Amino acid sequence: MAHKLNDVFKGRIRFIGILLLLIWVKTIYAYLFSFNLDPENILQYILMFINPLGTSLVLLSIAMYIRKTRRAYIVAGVIYILLNVLLIANVLYYREFTDFMTITTVMGVSKVSQGLGASSLNMLQPRDLFLAIDFIVVIALYLVTGVRNLVRFLNKQPLKWPHPNFAGDQDTIKNHLPGATTVLGITLFMLTMAVSELNRPQLLTRTFDRTYIVKYLGLAPFTVYDGFKTAQTSQVRAQANSSDMDKVLDYTRSNYAKPDMDYYGTAKGKNVIVIHLESFQQFLIGKKIDGREVTPFLNSLVKNKNSLSFDNFFNEVGLGRTSDAENMLETSTYGISSGSLFSSLGTDNTFQGAPAILQQRAGYTSAVLHGGSGDFWNRNNAYKSLGYNYFFSENYFDHDTDQDTEFGIKDKLMFAESPKYLEHLQQPFYSKIITTSNHFPFTIDDTDSDFPDAGTSDVTINNYFKTANYLDASLREFFAYLKKSGLAKNTLVMIYGDHYGISDDRNKTLAPLLGKKAKDWTSFDDMQLQRVPLIFYSPGLKGGINHTYGGEIDVLPTLMHLLGISTKRYVQFGTDLLSPQHEQLVAFRTRNFITPDYSYIGGKYFLNATGQRITPDLETKQVLKADKQKVDESLKLSDLLATKNLLRFYTPTGFTPVNTAQYDYTDSLRRMLKVEKQAGYSSTSLYSKRKDKTSTVLYKSDAPELKDNESIITKYPATADKKSKPDSSDTDNSSDSSSN
Ligand code: MN
């Protein structure tokens, strides 16, 4: 047997086998020590170990088809070198940006002037030598031989060069072998595809995270996939012209709703803190389990005379979920029909985003605080396109507690750490805080919540109430800080739920808790559960519960009008919820819609008052048909705007399109503090207003992690500003952080 194997593994097959083994070991080395792939279970580990094999084998097998032996070796060598270049370039790029290279970011198709510049070479570390060890050995071999040949040359002896052990003409490949090798590679690749699809459905269609694609499928497939997407995008864009933009403008201009003067400008000049409640549905508000309120704080907030809340407010997200919600709230344009707009277009589309508008119209400084990874949903790039000045993602929060949930640092800890960033922002500021604890599968430690079990047969549903209760408690602590620090007085807090937490297929189990019978549950009921909270809180705001029907698309014009900024000149698909001209028609990404009276679901009409399916009379039918047309048109035009990047053709009066090259989120803390220092006495940050006394000490939290470790609240973590600079002395420090 051993003899037979030796027979097969000779010549170019052995050569290709060695190259495959080398690139495999190197890729695994990079997976483990350079990329933060964070495999969560055995299956993901197995996928991660297997995935470099399939594609590398397919590519290297090309050399098997080449008849001439020497040429085959050269082709295999070149393919091998290309695979190495891809790997090493990604290792360096990842070290700088904590993300994988995409065609858009590297080729400079975009406005992003980031690539593998000289600074990346400065980031080489000794351990990277391993990735080039074979090249080093080969080069060394040739150098040694070169010196020997020099001696031979001087002694007038014939020269000898080393060469691979070409088998010459004897290296004939059996006819079936090339095909078999390719098929083996493809089979391995398909296997990883299939297992990935089972483990993480819609991996490619949703494209929420590049890390996931690399973890599941590998680096080369990711690059090919990204290249394909990029080509597709640029082709669609190339076909665009400014008359497309005119169509969009015709629509958005005729759709514009003028503000209600009772509300217009009532929060003018105030800070804005947007709190993104992860997976938070409206039915949680006021809900009790075993006589205990799920969200006692939010319930009290809704009743507060300074709170304006909406109880017929719907999420309108598609496959882009969280990122769709963010996109709608920041731009008043819809997410795209497949995948996530942030992921596929967020890097180089032109946006008229809230941070840019508020900065240019009213001098706002903007920041996002998020206890999760910055590359999720491509936020690292999309936020730049929106004009966010700073982005404080997970590295800016303390990680020593090893108390993260799957999607980020726990909410109580994240909120507790927020003042050290908020207090240094120049006021007025526009800041968004993204929570993560209330995320599927809604796991929570017993030490974090003593909330009773809802007692359904579905543990996900039972846990949902616990994590929601935990999120509510974290909000209470944060609001207490806002009051104590004085921020509350000049701040408008806007709270919203991004999308459902309980999916439609679980709703029947949830039904009894909502006073319904599982057997009576219909798609109408599913739609009603798409309500999410929207609450504005600001001292002096005319409060109350508003029953207007609206959706996430309507938030930006509503917010801007409260801040006294006219929205007429911008391209927005939503309208001010407080405007008497606001049309109460909520479009879903599925093209279903809801109005105060009717729900349209997949071709069927339901009467909201009874929940019964109806056949509308002729007159009603005409009205609903017009509604349907408007929904279709609005989604279609928004898609046109996004996929063709039409906003590059239309710059509103006084608006300067964002130049993303001006932003650097690996350096947010230092840059923010520099602005404060340079402003000196005219600095408007809370910290400066408090005469350089920190407000972090005012934060009180009952989180068990903070009990004996309150310094988390006041100190910046060592991983903040993790980008290593050639001129900084602590580059060693940053190399540690890139591997954890
Ligand atoms: Mn979400």
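Whatever order the structure lists them in is the order used to number ligands and atoms, beginning at 1. All values derive from a computational prediction rather than experimental measurement.
Under 2.8 Å from the Mn ion (ligand 1), one finds the following protein N/O/S atoms: E278 OE1, E278 OE2, T322 OG1, D498 OD2, H499 NE2.
Remark: D453 engages K466 in a salt bridge, criterion side-chain N to carboxylate O under 4.0 Å.
Qualifying side chain to side chain contact (heavy atoms under 4.5 Å, CB included) partners for D226, counting only residues two or more places apart in sequence or in other chains: T102, I103, F222, T230. With sequence neighbours excluded, the residues satisfying side chain to side chain contact (heavy atoms under 4.5 Å, CB included) with T331 are N327, T333, F351, L386. With sequence neighbours excluded, no residue satisfies salt bridge (Lys or Arg N to Asp or Glu O under 4.0 Å) with D505.
The aromatic rings of Y383 and Y388 sit perpendicular, their planes meeting at an angle over 60°, well past the 30° parallel limit.
Checked by atom type, the side-chain pair T365/N389 shows no donor-acceptor distance below 3.5 Å.
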